[in-house]
Amino acid sequence: MSAPSPRTDEFPQVPAELADFRPRVALVLGSGLGSFADACDRIFEVPYADVPGLPQSKVPGHAGKFVGATLGGVPLLLAMGRVHYYEGHTARQIAAHVRLMASLGPDALILTNAAGTLNPEFSPGEWMMLSDHLNLTAVSPMFGGPNFFDMSGVYAPELRAVFRELARRRAMDLHEGVYACVPGPQYETPAEVRMLRTLGADAVGMSTVFEAIQARALGVRVAAFSCLTNWAAGVIDAPLSHEEVMETGKHAASVLSSLLEEALRRGLPES
Ligand code: HPA
């Protein structure tokens with residue numbers, strides 16, 4: 001599909017080390033996945049605050065920065081932390097870091113998030129690779145255009161095949177399923193969770209789809225992974241806590257970090 005360029009007037013002052021970097025793969029690391037960065041050789045760090053035009057997060061644990069790094073010689077750009085719709089940013093602002101990363105020409109974008117599991121066969125502490133999504137926010141980062149681009153196969157089948165096979169060889173429980181994105185910031189009611197299950201969702205969260213839509217609009221391939229941090233409300237008879245979500249995420253992080261590390265060291269398939 002043809003890839004329109006990101007608007008060049010959007011980031012007037014990108015620090016030179018970032019502007020001149022040519023990552024092979026870009027990754028957005030959700031809260032708790034910092035351990036992946038520790039496996040990489042860091043080249044530079046640029047706080048989001050140093051890039052005019054990027055929105056800033058106010059959520060603890062989500063402070064943002066770009067890290068330029070290599071892993072097994074592969075240049076990677078990590079976006080550590082993201083902003084959310086529930087913080088009051090527009091969908092377009094939320095996808096700003098993806099436009100910036102896409103302008104540096106990566107061959108793929110890997111997204112990670114925390115999500116509640118809706119599928120009784122997918123347990124907290126396990127990972128789900130997104131096969132598709134439901135955007136239930138009623139907004140899009142592409143308001144204003146481009147319009148009418150194709151969203152089938154947004155989570156690239158050839159990337160999914162690589163991760164599926166690597167996970168199988170490691171006997172890792174990597175599920176695949178549909179991620180429903182809701183606006184938040186509150187967790188769902190049990191009735192909302194029943195609705196989401198009826199709609200065909202396997203997991204629910206408050207991020208990722210704007211980034212995937214933006215990447216798709218720019219012709220960048222996407223793979224995305226949800227850390228299933230909790231049973232969604234009402235699936236079991238216990239209230240949800242943010243602390244539980246953060247704690248489960250920390251423990252599961254190393255499993256995905258090591259899968260990503262192997263995939264990137266081996267090299268992702270060409271588009
Ligand atoms: N619902 C929405 N977002 C989430 C959840 C959840 O249960 N867990 C982690 N992020």
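Every number for a ligand or one of its atoms is a count from 1 in the order of the listing. Numbers for residues simply follow the sequence, beginning at 1.
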(message) Between Arg266 and Glu261, does any side-chain N to carboxylate O distance fall below 4.0 Å?
(response) no

(request) With Ile94 as reference, evaluate Gln214, His89, His84, Arg82 under the side chain to side chain contact (heavy atoms under 4.5 Å, CB included) test and give the passing residue. (result) His89

(message) Please enumerate all residues that pass side chain to side chain donor-acceptor pair (under 3.5 Å) together with Asp132, with sequence neighbours excluded.
(response)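 In terms of side chain to side chain donor-acceptor pair (under 3.5 Å), with neighbours along the sequence ignored, Asp132 is linked to no residue.
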
(message) Taking side-chain contact (heavy atoms from CB on, under 4.5 Å) as the definition, give me every residue that meets it alongside Ser254, ordered by chain and number, with sequence neighbours left out.
(response) none

(message) Residues around ligand 1, heavy atom under 4.0 Å from any ligand atom, sorted by chain and number. Can you pull those?
(response) Ala114, Ala115, Gly116, Tyr187, Glu188, Val204, Gly205, Met206, Thr229, Asn230, Leu240, Val245

(request) Verify the ring-centre separation between Phe66 and His97: is it less than 6.0 angstrom? (result) no

(request) Mind jotting down which residue pairs meet the ring pair (Phe, Tyr, Trp, His ring centres under 6.0 Å) criterion with at least one end in residues 26-45? Sequence neighbours excluded, please. (result)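 Those involving residues 26-45 are Phe21-Phe44.
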
